[in-house]
Amino acid sequence: MKQLAEDFRATSQTLYELLAPLPEADFSRVTQFKDWTITDVLIHLLMWNQGADQSLAQPDAFKAFITAYRGELAGGLSRRDHGRAW
């Protein structure tokens with residue numbers, strides 16, 4: 001588990017170093033990933049990192065979150081729009 005935490009920290013640091021020099025306007029640029037912006041990708045990563053933590057620390061709250069999430073997707077909300085609303 002310690003190695004997993006260290007790998008996560010290293011990945012987070014690398015991502016920070018990649019993005020830190022970018023001007024704020026670049027975060028609104030569309031990427032080649034599903035036409036999401038850099039901000040959309042970061043929202044997605046943050047939301048699911050918090051979800052992973054919640055699944056361990058508050059499993060009932062995570063179950064409620066994932067149930068609502070699935071319902072919103074079934075209702076036609078896109079993953080990107082869900083993240084933006086989140």
Nearest atoms (heavy-atom pairs only) where Phe62 meets Gly51: CD1-O, 3.3 Å
Sidechain-backbone polar pair: Thr67 side chain, Ala64 backbone, donor-acceptor under 3.5 Å: no
Pair Phe8-Asn49, side-chain contact (heavy atoms from CB on, under 4.5 Å): steps then yes or no: CA-CA 10 Å; Phe8 179 75; Asn49 286 345; 3.5 Å; yes
Hydrophobic cluster membership, Leu46 vs Ile66, 4.5 Å side-chain cutoff: yes
Nearest-0.5 Å distance, CH2 of residue Trp36 to OG of residue Ser78: 7.5 Å
Cluster check Val30, Phe33: I/L/V/M/F/W/Y, side chain < 4.5 angstrom: no
Side-chain H-bond candidate by donor/acceptor type, Gln13 with Glu17, under 3.5 Å: yes
Heavy-atom check, side chain of Leu42 versus side chain of Phe27, under 4.5 Å: yes
Heavy-atom check, side chain of His82 versus side chain of Arg79, under 4.5 Å: no
Heavy-atom side-chain contact between Leu22 and Ile38 under 4.5 Å: yes
Heavy-atom neighbours of Gln3 CD exceed 12 at 6.0 Å: yes
His44 side chain reached by Arg80 side chain, heavy atoms, under 4.5 Å: no
Separation between CG of Leu77 and OH of Tyr69, rounded to the nearest 0.5 Å: 9.0 Å
Phe65 ring center near Trp86 ring center (under 6.0 Å): no
Presence of salt bridge, Asp60 and Lys63, under 4.0 angstrom: no
Atom pair OG1/CG of Thr14 and Leu19 - distance to nearest 0.5 Å: 10.5 Å
Gln50 side, atom CD; Gln58 side, atom CD - distance, nearest 0.5 Å: 10.5 Å
N/O donor-acceptor pair under 3.5 Å between Thr39 side chain and Ser28 backbone: no
4.5 Å side-chain heavy-atom contact, Asp40 and Thr37: yes
